[in-house]
Amino acid sequence: MRAIVFMYAIVYYMALFSTFGQTKAIVSSSFSLGGIFLSVILLWRTSIRIKTNERIFWKWMTIGAICYLIAETVYSIYEWSFQTELPFPNWSDVFYIAHSFMCIAALLYIIMQQRKQIAMWQVLFDALIVTCVTMAYSWIYIVQPIIELEENVLYVAVLVAYPLLDLVMLFLLLFLFFATNVRRIWLWNIAGVGLFVFTDTIYFIQMMQWNDVYSLWLDPLWVISLLTISLSSYHAKDGDLSFQKEEQPYNIKVLFPYISFLPLLWMPFIYLGDRMVMSCFAFTVACILIRQFMTLKENRQLVQQLQTLNSDLEQKVMKRTQELARMNEQLTYAANHDFLTGLFNRRAFVTALEQTIMQANKEKYSVAVVFIDVDRFKQINDYFGHEMGDALIVQIGQWLKEQVRPTDIVARQGGDEFTIIVTPIHHLHELQTIVEKIMTITEQPMTVKHLDVRITLSMGIAVYPFDGETGDTLMKHADIAMYRAKEQGKNQYQFFNGEMDRIVLQKTIIETALHEAIEQKQFVLFYQPQFDVQTGELIGMEALIRWIHPKLGTISPAVFIPIAEETGQIIPIGEWVIEEACQQMKRWNERIGRPIRISVNISPKQFLKESFVDHIHSVLKKKQLSPHQLDLEITEGVAVFNEQYTIRKLQQLKKLGVHISIDDFGTGYSSLSYLRKFPIDRLKIAKPFIDGITEEKEDVAVVKAIIVLAKNLKLRVIAEGVETLQQLDILRLLQCDEIQGYVLGKPLPADVFEKTYITSRLQNE
């Protein structure tokens, strides 16, 4: 669009200087009307496109352009019709002046809309300084000659209105120039209106100096000024007319008012008697002095405000720094202390332990790490509530701090576990004294929330450098010793020794290897025969699991079964044993055509599983095995968990038709009421009683009592672990029903058991 306007101006001038006479007038009017009409279209489209309050500015400018178009049209029609200029003043002057008023209204509207964004007094004085200089020259070259004309009042009034309105527009333009950061949209507007004022001024100077003769080259400038204003609207968007404060004013803006004053300095010497020129000079000087005074005052206020802001900022920074320091202290404390007891937490304990070890290594003394666990704390929490438990933990932590020396460090690891760094230790009896002192907590109850609570502690102790030379090692070994104390019955302390580490390592290896044992089919079943004591007939066998590890070799059930119980892996192992035993029993049934019984040990965890009965039922159905051929051996301990639940589950098993035996009878939670309540078929006398019947009369009496009791309850009795003929004779004499043991048969793999007992013996019967 800028290129179009530029080309239009060039063509206009070319046409103007290449034509003559009446043709030149027609060409000039045509180009003038065409340019003004294009300006009206562009401004009108912008006034519709803009949606904010800025559209009012563009509407005023559009109306002004329309007024100018009407004026130019009236002037051109008259000139074409009568081939002479209109008499002055005429109707076109009304619309020319209306155009100026519309531009002034548009500029005033923007100034009023953005007045809160303007430094009013500074901008006002800058605009007044330049306007006064311009007014002085306008007075000499335009206004004064007009007033001196010997014409009627209307003629002079209309003629004076043009320069006066131009001065007003100039003042408003200067005001905007000094008030804004001269964005592109404003630069085009200022350039357009400024060109219009410039053209009017030149026109009137020529009219006054050369007696109504002016140059035709001025005609395109009026059109170009309107096109320049409309060009600013072509790319206008919402917000383009908003004033934006610049960080630093342009040098030209700062110096322009003072530079514009320079041309006024010589005028008082030439026009000393002209009161208007002297008034403009005096007013301009006053504006400059007042502006300087106001600027100095504003600068002083700004400096004071800056000092005040700096002072406030320093106070805020100082206050914030103090708050941050206080927060950092709180965060550091929270990061290193237990929120409940106020003792060191695990993180701080580990750091303190490493520092203590370094100091002990340098000064050659010993350090001990003590791990403490409150026995049966879960029961206290469950029975009395967590609030009571927390209060008890706080008291125990405080009590531990009171029992140790000032150099020792007490920490809470979490839950009901505490740790102590005993340092320094020059003689082991110092450590022994402290540990014994801690153990005195059991001598009297602790009062917590008006309740007396007795507690016991299990403690493990590791000593640097004998039990480890790093903090991690000492903590691990003290923890191992503490768990050893719990295994030994709680309420005691244990010093770490190498055997503990070996046991834990073995346990860890076994636990890890158990995960792969079932998948890789490392388990196998051995079968030990069971015989009728009186007839010697094979009546069944017990399935016994064996673990043959590819690297560790054969691992005893006494080693891995307790670990499997603890980790819960006993459940999948037990399920595999049942399925494998039933599968093997099915093969032997098909071979000999005669059903015999197979016994399988059931762990308490496996028995207490909700789906246990369903699993037994599905295995029997899948393997097509008769339920009475399966004998499940359970221990008396299952009744401890929930007697009613145990009875209900045993009754469900009996409905299936399976046999139930009480294993290791007499060694567990023996109760005669269980024998009456439990729907069982057989009692299995524990091996320790069988081992003693040849030497201890008491063991004979116990075995005899069990057999008599069982027969009275119409239960069968089987003795396990029978290893000598003498034991066999005594059991036969006591009328025991069945036996199982090395004296008649060891546990054998399935193929060997089949050759030894199934193929040879049963087929011979």
Side-chain angles (χ1 to χ4, degrees), residues 326-357 367-423 425 431 433-462 471-472 474-483 485-486 490-494:
R326 187 163 56 253
M327 289 176 64
N328 284 334
E329 290 177 1
Q330 294 174 353
L331 290 173
T332 302
Y333 181 87
N336 291 285
H337 290 77
D338 174 57
F339 75 96
L340 183 62
T341 62
L343 301 173
F344 273 8
N345 57 19
R346 180 182 177 83
R347 176 177 176 274
F349 180 84
V350 170
T351 303
L353 180 57
E354 294 296 341
Q355 294 173 351
T356 303
I357 290 173
V367 174
V369 175
V370 182
F371 257 65
I372 302 173
D373 185 85
V374 182
D375 297 330
R376 291 176 291 277
F377 180 74
K378 186 177 184 303
Q379 285 87 330
I380 297 174
N381 242 352
D382 293 343
Y383 187 79
F384 294 105
H386 289 278
E387 186 177 353
M388 178 76 168
D390 289 346
L392 178 60
I393 288 294
V394 171
Q395 282 206 26
I396 294 173
Q398 186 61 36
W399 188 86
L400 290 174
K401 285 190 68 175
E402 294 172 356
Q403 308 311 307
V404 300
R405 303 169 302 179
T407 56
D408 301 332
I409 299 172
V410 180
R412 184 189 180 204
Q413 292 290 301
D416 60 343
E417 290 187 347
F418 294 87
T419 50
I420 302 175
I421 301 175
V422 182
T423 179
I425 301 174
L431 177 59
T433 301
I434 293 172
V435 171
E436 294 288 352
K437 192 175 180 182
I438 293 173
M439 290 301 295
T440 59
I441 194 172
T442 61
E443 294 178 358
Q444 55 186 0
M446 300 189 77
T447 303
V448 183
K449 293 184 177 296
H450 309 293
L451 292 174
D452 289 340
V453 180
R454 285 192 175 272
I455 64 167
T456 59
L457 304 177
S458 295
M459 293 193 293
I461 305 152
D472 287 342
L474 288 172
M475 291 178 68
K476 182 183 74 172
H477 288 168
D479 195 27
I480 291 171
M482 185 264 288
Y483 276 101
K486 280 191 169 295
K490 303 182 177 63
N491 192 26
Q492 59 178 289
Y493 61 87
Q494 288 283 335

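Numbering starts at 1 and runs along the sequence shown. These figures come from a predicted structure and were not determined experimentally.
- When atom types are taken as modelled, the side chain of T407 and the backbone of T423 share a donor-acceptor pair closer than 3.5 angstrom.
- Counting only heavy atoms from C-beta outward, the side chains of F349 and V369 approach each other to under 4.5 Å.
- Among all heavy-atom pairs drawn from T442 and R454, the shortest one is O-NH1, 3.2 Å.
- Applying the 6.0 Å contact sphere to CD of E354 captures more than 12 heavy atoms from other residues, nucleotides or ligands.
- Considering all non-hydrogen atoms of both residues, E417 and M482 come closest at OE2-CE, 3.7 Å.
- In this structure, CG on D408 lies 7.5 Å from CD1 on I420, to the nearest 0.5 angstrom.
- Residues A485 and M459 share a closest heavy-atom pair of CB-O, 3.7 Å.
- Taking each heavy atom of V367 and I425 in turn, the nearest pair found is C-CD1, 4.0 Å.
- For Q379, the CD atom is densely surrounded, since the number of other residues' heavy atoms within 6.0 Å is greater than 12.
- Among residue pairs with one or both ends in residues 340-351, those qualifying as side chain to side chain donor-acceptor pair (under 3.5 Å) are N336-R347, D338-T341, R346-Q413; sequence neighbours excluded.
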_Derivation of the side chain to side chain contact (heavy atoms under 4.5 Å, CB included) call for I393 and D416_ = CA-CA 7 Å; I393 288 294; D416 60 343; 4.2 Å; yes
*Go through the steps for V410 and Q403 under the test side chain to side chain contact (heavy atoms under 4.5 Å, CB included), then give the verdict.*
CA-CA 10 Å; V410 180; Q403 308 311 307; over 6 Å; no
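- Residues D373 and S458 have side chains that never bring a donor and an acceptor to within less than 3.5 angstrom of each other.
- When only modelled atom types and interatomic distance are considered, T456 and N491 share no side-chain donor-acceptor pair under 3.5 Å.
- Counted by atom type alone, Y493 and E436 present one or more donor-acceptor pairs between their side chains at under 3.5 Å.
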_Step-by-step side chain to side chain contact (heavy atoms under 4.5 Å, CB included) determination, V404 to V422_ = CA-CA 8 Å; V404 300; V422 182; 5.9 Å; no
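- More than 12 heavy atoms of other shown residues, nucleotides or ligands fall within 6.0 angstrom of atom NZ in K486.
- A pairwise comparison of heavy atoms in A481 and I461 identifies CB-N, 3.8 Å as the closest pair.
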*Check against side chain to side chain contact (heavy atoms under 4.5 Å, CB included), H337 and F344*: CA-CA 4 Å; H337 290 77; F344 273 8; 3.4 Å; yes
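- A pairwise comparison of heavy atoms in G342 and Y333 identifies O-OH, 3.8 Å as the closest pair.
- Identified under the ring pair (Phe, Tyr, Trp, His ring centres under 6.0 Å) test for residues 385-421, with sequence neighbours left out: none.
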